[in-house]
Amino acid sequence: MENRNTQPLLSPSEDNRTSESYQQILRPSTSSFSSFTADPDDITPVAGVRDFFKKFGVESRKLWYLAGPAIFTSICQYSLGAITQVFAGHVGTIELAAVSIENSVIAGFSFGLLLGMGSALETLCGQAFGAGQPDMLGIYMQRSWVILICTAFVVMFIYIFATPLLLLIGQTEAISEAAGTFAVWMIPQLYAYAINFPIAKFLQSQSKIMAMAWIAAVALVFHTLFSWLLMLKLGWGLVGAAIVLNASWVLIVIAQLVYIWSGTCGRAWTGFSWKAFQNLWGFVRLSLASAVMLCLEVWYFMALILFAGYLKNAEVSVDALSVWYGSILQSFH
């Protein structure tokens, strides 16, 4: 994404500060926020096969230091819904179909939209951090919160009217009723998405990936334990699934906020600011452009789940396709 797309997002004072310090991107960084700094060894030519593999190993370690925890975090967060589907399959066929439709279609729609919109921060936070303006990271995150929470409020009506919408597009009455009820219970997860995705980009831009990985791992362990306890042992069924899945996402959000507010991010978080409400329209345009790219990938799989509802013995078809979809999307993440 080119820099000209992000210019309208900066106020005059922000633009001056950024342009003055933008040259820092081209120089070795001495900021305590940086994970890697440029040095002469990074640009020396390769001298032979042995030197190639040596440099390949060095660069691979740098890459996996960041990519490894990020991949692990995504797998853990996605697995929350997947584990809920697994336990729902032990409850009953209708319950599994309801969770599958809600997770894959309704929550999948909002997940793709909100994650795509939140991904606009990858460009903005990366530029601000590289330009030596870490204080702008918190402002950008708050602006994204404002936009994503407003978007979540609009999308919430899809959750509320999920049953008639599913009936309208031809899903069976049994699946529509169960999925619609479960969708209403899952509204807290929608707002957790809206808060979590900007936080993720905010922390990733500072290479603070390990904290996210630990939080996601702890949430996954507790989610698995309490899903078994509430859904199977206590027999709460879909009610227990909704309670545990909402609680797991809320736990992730709260833990990440505590980590940020504890002062570990330094100048990147200096508190709430009214600047978060400035230049919102430019931010919305960039967020929507970012969302389109991701949504086209996620919604393709969502459509397959819907088409399965038109087949004979729709409950079994939806259940089978949702299991396949889960393994594919796990790889996608």
Side-chain angles (χ1 to χ4, degrees), residues 64 66-88 99-100 102-122 125 141 144-145 148-149 151-152 155 182 186-228 241-260 290-291 294-295 297-299 301-302 322-323 325-333:
W64 281 105
L66 297 176
I71 294 171
F72 178 77
T73 301
S74 295
I75 291 175
C76 287
Q77 291 182 354
Y78 171 75
S79 296
L80 298 178
I83 288 174
T84 299
Q85 286 187 212
V86 169
F87 283 109
V99 173
S100 299
E102 195 283 330
N103 265 344
S104 305
V105 179
I106 302 171
F109 174 86
S110 58
F111 182 94
L113 179 63
L114 295 176
L115 177 59
M117 295 181 71
S119 296
L121 290 185
E122 291 184 4
C125 287
M141 181 173 65
S144 189
W145 278 344
L148 265 64
I149 289 174
T151 304
V155 175
F182 187 65
M186 292 308 302
I187 289 177
Q189 182 194 53
L190 172 64
Y191 288 96
Y193 283 166
I195 299 174
N196 175 73
F197 296 143
I199 292 176
K201 304 309 177 184
F202 170 84
L203 293 174
Q204 286 174 6
S205 66
Q206 304 169 68
S207 302
K208 296 184 180 296
I209 312 294
M210 285 303 302
M212 297 172 56
W214 279 109
I215 291 170
V218 171
L220 181 61
V221 171
F222 278 98
H223 179 82
T224 304
L225 175 63
F226 282 99
S227 292
W228 170 82
I243 292 174
V244 177
L245 192 52
N246 284 326
S248 297
W249 275 101
V250 171
L251 172 64
I252 289 175
V253 169
I254 291 176
Q256 290 177 341
L257 288 175
V258 170
Y259 176 78
I260 293 171
S290 179
L294 184 65
C295 287
E297 298 176 358
V298 175
W299 294 350
F301 294 104
M302 180 188 74
S322 68
V323 173
Y325 166 82
S327 61
I328 293 296
L329 195 59
Q330 186 84 351
S331 303
F332 170 78
H333 275 269

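Only this structure's heavy atoms are used, side chains among them; waters, hydrogens and symmetry mates stay out.
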Handout entry: Derivation and outcome, side-chain contact (heavy atoms from CB on, under 4.5 Å), residues I199 and W145
Key = CA-CA 9 Å; I199 292 176; W145 278 344; 3.7 Å; yes
Practice task
Return the minimal non-hydrogen interatomic distance between F72 and A213, and the atom names on each side.
Solution key: CE2-O, 3.6 Å
Practice task
Using side-chain contact (heavy atoms from CB on, under 4.5 Å) as the criterion, list what pairs up with V155, not counting sequence neighbours.
Solution key: F109, S110, L113, T151, I158, Y159, L190
Problem - Closest non-hydrogen atom pair between Q77 and W249, with its separation - result: O-CZ2, 3.7 Å
Completion exercise
Taking every heavy atom of I209 against every heavy atom of A70, the minimum-distance pair comes out as CG2-N, 3.3 Å
Practice task
For residues L203 and I260, determine if any side-chain heavy atom of one lies less than 4.5 Å from a side-chain heavy atom of the other.
Solution key: yes
Practice task
Considering non-hydrogen atoms only, spot the tightest contact between S144 and P198 and give its length.
Solution key: OG-CG, 3.3 Å
Exercise for the section: For A242 and M186, work out which heavy atoms get closest and say how close. Expected result: CA-SD, 3.7 Å
Fill in the blank from the handout: When rounded to the nearest 0.5 Å, the distance separating CD1 of I83 from CG of L225 is 11.0 Å
Handout entry: Residue among V250, L257, L251 satisfying side chain to side chain contact (heavy atoms under 4.5 Å, CB included) with V253
Key = L257
Practice task
Apply ring-ring contact (aromatic ring centres under 6.0 Å, His included) to F197 and list each qualifying residue two or more places apart in sequence or on a separate chain.
Solution key: F111, Y193
Handout entry: Residues that S205 engages under side-chain hydrogen bond (donor to acceptor under 3.5 Å, both in side chains), provided they are two or more places apart
Key = none
Handout entry: Heavy-atom check, side chain of K208 versus side chain of Q256, under 4.5 Å
Key = no
Completion exercise
Between S227 and V244 the two heavy atoms that sit nearest each other are OG-CG1, 3.4 Å
Exercise for the section: Evaluate the side-chain proximity of L245 to N103: yes if any heavy-atom separation is below 4.5 Å, no if none is. Expected result: yes
Problem - Separation of N196 CG from M212 CE (nearest 0.5 Å) - result: 7.0 Å
Handout entry: Step-by-step side-chain contact (heavy atoms from CB on, under 4.5 Å) determination, E102 to Q189
Key = CA-CA 11 Å; E102 195 283 330; Q189 182 194 53; 4.2 Å; yes
Completion exercise
salt bridge (Lys or Arg N to Asp or Glu O under 4.0 Å) pairs touching residues 197-207, sequence neighbours excluded, are E122-K201
Handout entry: Gap separating the CD1 atom of I75 from the CG atom of L80, nearest 0.5 angstrom
Key = 12.5 Å
Exercise for the section: Enter the distance from S79:OG to Q85:CD here, rounded to the nearest 0.5 Å. Expected result: 11.0 Å
Practice task
Measure the shortest side-chain to side-chain distance between W64 and I71 over non-hydrogen atoms and say whether it is less than 4.5 angstrom.
Solution key: yes
Completion exercise
Sorted by chain and residue number, the ring-ring contact (aromatic ring centres under 6.0 Å, His included) partners of Y191 (sequence neighbours excluded) come out as none
Exercise for the section: Sequence neighbours left out, what passes side-chain hydrogen bond (donor to acceptor under 3.5 Å, both in side chains) with T84? Give chain and number order. Expected result: H223
